[in-house]
Amino acid sequence: MGHNATILDQLLWQVPLCGRWRHDSEGALYHLANCFVLLGFMGGSGVYGCFYIFSFLAIGFLCYALWGWFFACGLDIFIWSFLLVMICLIQLAHLIFQLRQNNYVGEFDYLYKTLYLPLQVPLQTYKEIVRCCEERVLSLATEQTYAVEGETPINRLSLLLEGRIRVSQDGQFLHYIFPYQFMDSPEWESLQPSEEGIFQVTLTAENDCTYVSWPRKPLYHLLDKERYISRLFSALLGYDISEKLYALNDKLFAKFGLRFDIRLPSLYHVLGPASSSSEPEAEKEIEDSKEPALPPHPLSVGVQKAPSLPSSPVSAAPTAPPAPARASRLGSDNLASGSPLSSHPYIKAKCSKGQAPLAPTHTPEL
């Protein structure tokens, strides 16, 4: 015990000083090893950052091992450096194995780089998502239907990879679905996990299409188990539904020349099949509007020109000017100021048939 205490005292309090410093350097190989080790510790995070770190560390420790074998002539230096080289090489082999195991080719690789990589979704999480759809890519031929209105049950969620899908209702075109958009996101969000439903629209392939499909029950089970994946799908589905709503809004703008607010109710009465039956009435309203106006009745003119009763100057008070009428806003700056919504002949025809008109939106200013 006393001998050990003496050694400890020598190490802590009686540090041996260098009697004579060497004037020659250790050589280029030693300094090269230090440079590689320094570069290795400057790497970043992630898979490619680990590749960078362990690659430079392996080269640096190899230079240390060669320096200890040929120049320093120290067996301990060589053994430790060689051991560190082997550890770095094993780590690199493990990283390569993980990348090859999680790597996908073809459609799934493009899907990850286009949709999930910009959101910084880890490869392991993407692997679970792909495993849920059984790593299968399905296809649709030209004019083949994915879902039929009123017949196909809502039992899956699909994402289009290639091609274009036409969405229609009662034979009326609604919008298109383009690659890397969900094909049935509104139907998926409209149902609870315990509910059942059928499609209210028809989805037809414009050309040869490919898509991936997640069955409903396995996907619900995955979303319940993984909270991160649940939030990811919620964000993707919300963005997809908003894109479809704006596509409907652009269709209304192209049809009427007015940009409607997507929050307006009863848009189905504008897009529905009843538009063909109301077209003659709309044309009749246009013809009636073109007829010359009748001259005013003489009695009404006389009433309008009747002078008002005089008031005493004492009791007269300055009256405030009338407040200007507040124009209704339709949710867009492209709305023509001279053609309000109520005067449109097509909307008049809809109201005359007893259908619900488009409600105006007066959004309060904050």
Side-chain angles (χ1 to χ4, degrees), residues 43-55 91-141 144 146-147 154-165 167 175-189 193 203 205-247:
S45 60
V47 178
Y48 297 102
C50 292
F51 264 106
Y52 177 89
I53 291 174
F54 288 108
S55 299
Q91 185 66 32
L92 287 173
H94 177 66
L95 290 173
I96 294 175
F97 175 75
Q98 280 190 337
L99 281 181
R100 291 183 62 87
Q101 187 179 8
N102 297 332
N103 191 20
Y104 295 97
V105 295
E107 290 84 356
F108 287 105
D109 184 46
Y110 293 140
L111 176 60
Y112 177 73
K113 293 179 179 178
T114 304
L115 195 61
Y116 293 96
L117 184 59
L119 300 177
Q120 299 181 358
V121 178
L123 280 173
Q124 189 65 27
T125 304
Y126 179 69
K127 183 180 178 181
E128 296 182 8
I129 296 174
V130 172
R131 190 188 301 118
C132 184
C133 69
E134 301 177 356
E135 302 183 12
R136 295 170 52 190
V137 178
L138 306 177
S139 60
L140 287 174
Q144 184 179 357
Y146 169 81
I154 304 173
N155 55 7
R156 54 181 173 170
L157 177 66
S158 301
L159 180 71
L160 185 63
L161 298 179
E162 293 181 355
R164 188 172 67 177
I165 300 294
V167 182
H175 62 88
Y176 283 114
I177 299 176
F178 297 100
Y180 300 105
Q181 289 184 345
F182 288 98
M183 300 168 61
D184 41 13
S185 54
E187 288 77 11
W188 177 269
E189 288 291 328
L203 279 72
E206 284 275 325
N207 45 26
D208 295 336
C209 303
T210 57
Y211 65 97
V212 292
S213 184
W214 291 273
R216 186 181 180 188
K217 290 184 178 180
L219 183 56
Y220 271 129
H221 179 69
L222 177 63
L223 297 181
D224 291 338
K225 184 177 65 174
E226 298 292 340
R227 188 175 181 181
Y228 174 76
I229 299 179
S230 176
R231 292 184 175 181
L232 177 65
F233 268 84
S234 178
L236 292 175
L237 289 171
Y239 176 78
D240 187 81
I241 293 175
S242 65
E243 289 292 322
K244 290 180 173 59
L245 288 176
Y246 277 110

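Because only heavy atoms are used, hydrogens play no part in the values below, and waters and symmetry mates are left out as well, while side chains stay in.
Contact check for Gln181 versus Leu160: no side-chain heavy atoms found under the 4.5 Å cut-off. You'll find the side chain of Glu128 reaches within 4.5 Å of the side chain of Ile229, heavy atoms only.
Applying the salt bridge (Lys or Arg N to Asp or Glu O under 4.0 Å) definition to pairs two or more places apart or across chains, those involving residues 229-246 are Asp240-Lys244. For the salt bridge (Lys or Arg N to Asp or Glu O under 4.0 Å) condition, the pairs that include at least one residue of residues 205-226, sequence neighbours left out, are Arg164-Glu206, Arg166-Glu206, Glu196-Arg216.
Judged as a side-chain contact (heavy atoms from CB on, under 4.5 Å), and not counting sequence neighbours, the contacts of Leu237 are Leu157, Phe182, Ser185, Trp188, Glu189. Checked against side chain to side chain donor-acceptor pair (under 3.5 Å), His221 has no partners two or more places apart in sequence or in another chain. When the ring pair (Phe, Tyr, Trp, His ring centres under 6.0 Å) test is applied to Tyr52, the partners found at least two apart in sequence or on another chain are Phe56. Taking Thr210 as the reference, Val137, Ser139, Leu161, Glu162 meet the side-chain contact (heavy atoms from CB on, under 4.5 Å) condition, with sequence neighbours excluded. Evaluation of the ring pair (Phe, Tyr, Trp, His ring centres under 6.0 Å) rule for Tyr228 yields no partner, not counting sequence neighbours. Applying the side-chain contact (heavy atoms from CB on, under 4.5 Å) criterion to Leu232, with sequence neighbours excluded, gives Tyr116, Leu119, Val121, Ile129, Leu236. Remark: Tyr146 pairs with Arg156, Ser158, Asp184 by the side chain to side chain donor-acceptor pair (under 3.5 Å) rule, at least two apart or across chains. Taking Arg136 as the reference, Glu134 meet the salt bridge (charged side-chain N to carboxylate O under 4.0 Å, His left out) condition, with sequence neighbours excluded. Judged as a side-chain contact (heavy atoms from CB on, under 4.5 Å), and not counting sequence neighbours, the contacts of Cys132 are Trp214, Pro218, Leu219, Leu222.
Without hydrogens or angle criteria, Tyr126 side chain to Leu111 main chain gives no donor-acceptor distance under 3.5 Å.
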Q | side-chain contact (heavy atoms from CB on, under 4.5 Å) evaluation trace for Met183 with Leu203 | A | CA-CA 8 Å; Met183 300 168 61; Leu203 279 72; 4.0 Å; yes

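Tyr180 OH to Tyr110 OH: the interatomic distance, rounded to the nearest 0.5 Å, is 8.5 Å. Here the CD-CG distance, from Glu107 to Leu138, works out to 11.0 Å after rounding to the nearest 0.5 Å.
Heavy atoms from other residues, nucleotides or ligands lying under 6.0 Å from OH of Tyr176 number more than 12.
Heavy-atom minimum distance, Gly43 versus Ile53: CA-CG1, 3.7 Å. Smallest separation of non-hydrogen atoms from Cys209 and Gly163: SG-CA, 3.8 Å.
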